[in-house]
Amino acid sequence: MDKWQRRTVYYSVFLIGSMLVFAVLYQNGMRIYEGEPRTFLHSLQVVVETFTTTGFGSDSPWISPEMNVLVIVMDLFGTLLIFMAFPVLAFPLLEEILSTTVPKTVDGDLDDHVVICTYTPRADVLIDELESWDVDYVIVEPDREQATELYEDDYRVIRADPESASGLEGANLAAARALVADVSDQVDASIVLTAQEVAEDVLTLSVVEEPDRAAYHRLAGADEVLSPRPLLGQSLASKVTTSVTSELEEVVEIDDDFEIAEFPIHRGSQLVGKTLAESGIREQAGVNVIGAWFRGEFETPPDPDATLANGTVLLATGREAQLEQLKDLTRSGMRRLDRGDTIVVGHGEVGRTVTDALTDAGVRYTVVDQTDLEGVDVVGDASDPETLREAGIDDASVVILALPDDTTAEFTALVARDSSADVEIIARVEESQSIPKMYQAGADYVLALANITGRMLASQILEEEDVLSMDQNVEVVRTNAPQLVGKTLGETRVRSESGCTVVGIERDGTVVSDIGPEVRIEDGDELIIAGTDDGVQRFTELYT
């Protein structure tokens, strides 16, 4: 029963009860004060005439003041009930008639799709990924307004309760590829239990806020239980520990000694302030920069005249030794982690994961939180400059913002940047839409929980892709391209047309990594391409 139906029932009960009460009062009033006994049915008729303002028949006028007062009260009460009927019944009914009707079931022929319960901003990343691989989906959304808004925005959505068997049956779960439960820890467990009842053979993925609750979701029947917050914390920490660890992280191996990896440029690096053409990266490291993230926006190929800044993330291919040289170039010449603290703001699940990773890497840190918890060094509001000064921001190398609220994190970034022009600010946000504002506030690196959650889900559902990183949305894919057979790479214009880069060709079981514009694509070749979700989707549409 939805909100409008409940209000209708309550109003109807109240209306009928009021008329019965007034009928009893009228019947007794006529007998006691007017000396004219009336039947209950006649009294009820008079009440109805009064409430509907259609008249009073032969009973008027009344002689006694008591009856006149009763009739006045009935008049006012009836008018009030009429006015109440408009917002309670008439307006919602009219809105229901005129508004968009969201379907409650999917077409019977929909299969091999992903059932998403329910819609959150995190779902957008997953939906983009599914669409890039031409995989159908349906959102099961119980809220009428949310479902209507999604339907009008061209999402595939049904209005149903994902915790009910009928709701999941309406989504044709039995024929689906997978089900994703991402609402809350308790609701997700309920959805998983229902999914086991409806279609126990379908892959079921559940997202948990608290990692220690994962066991209960597995007990409910979830095939995979994902906890993106610890991964987010590890990704935040890796932006710091990359300067003190020797191994490359987030690497995709193309061949035995040919890899593709991402390299964030740290504040104080010799590359900061130079254009890509001036940087000498090709000459010094021998790598091929195939793309770059500028303040959260991916460009491929990157403009040679684009200025490299702290926070720019380079996507490069090369041999392991060459990539190590590029890593040295992106490090800060001035930044030495043993000379200054890393300040971690927020000691929740993400913040604790960050400090654990920093401890393992031997990096000194100071924890700031508003609550006096175990492990918190400075208790206070980090958006207060005095709190940051107490935490040592004047001597700090890095500030990691692990706050759960995007608005608070943005304001704290402004305060931290105003407090220190040289400190490196690494921040998390909940939603992807907050990334540009966080960069504008002064952050050097921004990671979104929505991106990581969507990417983790996609990597479990899709077997075709090789994910480079959970937070940057770059993927490496092996694929056939029949439309390009017989053409050289120079003739294909893959980069300009699709936004993807061909980083290698697998031919007869061997990967050819030393490729140039003169290399011709042969029948049976598998191209190894790198690009964003949108880029891979365009490549697929154009060439496969």
Side-chain angles (χ1 to χ4, degrees), residues 234-272 274-294 298-302 304 306 308-333 335 337 357 361 424 426 444-445 447 465-478 489 495 500-506 510-516 519 527-532 535:
Q234 293 166 9
S235 297
L236 289 170
S238 71
K239 304 306 179 185
V240 178
T241 59
T242 184
S243 293
V244 294
T245 56
S246 57
E247 295 183 359
L248 288 171
E249 298 182 4
E250 297 179 342
V251 172
V252 172
E253 187 176 287
I254 305 300
D255 199 6
D256 291 339
D257 190 29
F258 185 71
E259 300 169 337
I260 178 171
E262 293 171 339
F263 298 88
I265 298 177
H266 293 280
R267 185 175 291 269
S269 164
Q270 61 179 290
L271 300 178
V272 173
K274 297 181 180 179
T275 65
L276 193 58
E278 298 169 344
S279 66
I281 290 175
R282 179 71 176 177
E283 295 75 15
Q284 296 182 62
V287 300
N288 181 24
V289 178
I290 62 175
W293 292 87
F294 296 96
F298 186 70
E299 293 184 15
T300 180
L308 304 178
N310 50 282
T312 299
V313 180
L314 303 178
L315 180 64
T317 60
R319 307 293 176 186
E320 184 176 357
Q322 295 173 326
L323 296 178
E324 288 288 354
Q325 289 179 334
L326 176 58
K327 181 179 179 180
D328 290 336
L329 292 176
T330 59
R331 289 176 175 175
S332 171
R335 178 166 167 254
L337 292 176
E424 193 166 356
I426 301 171
D444 296 295
Y445 306 102
L447 305 179
E465 67 173 0
D466 189 0
V467 176
L468 176 60
S469 70
M470 295 295 181
D471 53 275
Q472 297 292 1
N473 284 358
V474 174
E475 54 187 299
V476 181
V477 179
R478 284 174 166 83
L489 288 178
R495 275 192 177 187
C500 291
T501 300
V502 179
V503 298
I505 298 176
E506 186 170 337
T510 303
V511 175
V512 180
S513 57
D514 186 13
I515 56 176
V519 173
L527 303 187
I528 304 171
I529 62 172
T532 60

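These values consider heavy atoms only, across backbone and side chains, with no hydrogens, waters or symmetry-generated copies.
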Checking side chain to side chain contact (heavy atoms under 4.5 Å, CB included) for the pair Thr317/Thr501: CA distance, chi angles, key distance, verdict?
CA-CA 11 Å; Thr317 60; Thr501 300; over 6 Å; no
For a quick test of reading the model, state the closest non-hydrogen atom pair linking Ala357 to Ala237 and the distance between them.
CB-CB, 3.5 Å
For Leu527, is there any backbone N or O sitting under 3.5 Å from a side-chain donor or acceptor partner on Arg478?
no
CD1-OG1 distance between Ile505 and Thr510, expressed to the nearest 0.5 angstrom
12.5 Å
What's the separation between atom CZ in Phe263 and atom CG in Leu326, rounded to the nearest 0.5 Å?
5.0 Å
Hey, is the main chain of Leu329 close enough, under 3.5 Å, to the side chain of Ser269 for a donor-acceptor pair?
yes
Any Ile281 side-chain heavy atom under 4.5 Å of Leu314 side chain
yes
How long is the straight-line distance from CD of Gln322 back to CZ of Arg282, given to the nearest 0.5 Å?
7.5 Å
For residues Leu276 and Leu308, determine if any side-chain heavy atom of one lies less than 4.5 Å from a side-chain heavy atom of the other.
yes
The test is side chain to side chain contact (heavy atoms under 4.5 Å, CB included); show your working for Val287 and Gln325 and say whether it passes.
CA-CA 9 Å; Val287 300; Gln325 289 179 334; over 6 Å; no
Check against side chain to side chain contact (heavy atoms under 4.5 Å, CB included), Leu489 and Ile515:
CA-CA 9 Å; Leu489 288 178; Ile515 56 176; 3.9 Å; yes
So which atom in Thr275 and which in Pro304 form the shortest heavy-atom distance, rounded to 0.1 Å?
CB-O, 3.6 Å
For residues Ala530 and Ile260, report the shortest heavy-atom separation together with the two atoms involved.
CB-CD1, 3.7 Å
Distance col, row Gln270:CD vs Asp328:CG, nearest 0.5 angstrom, shows 9.5 Å
Looking at every non-hydrogen atom in both residues, tell me the closest pair between Val503 and Phe258 and how far apart they are.
O-CE2, 3.4 Å
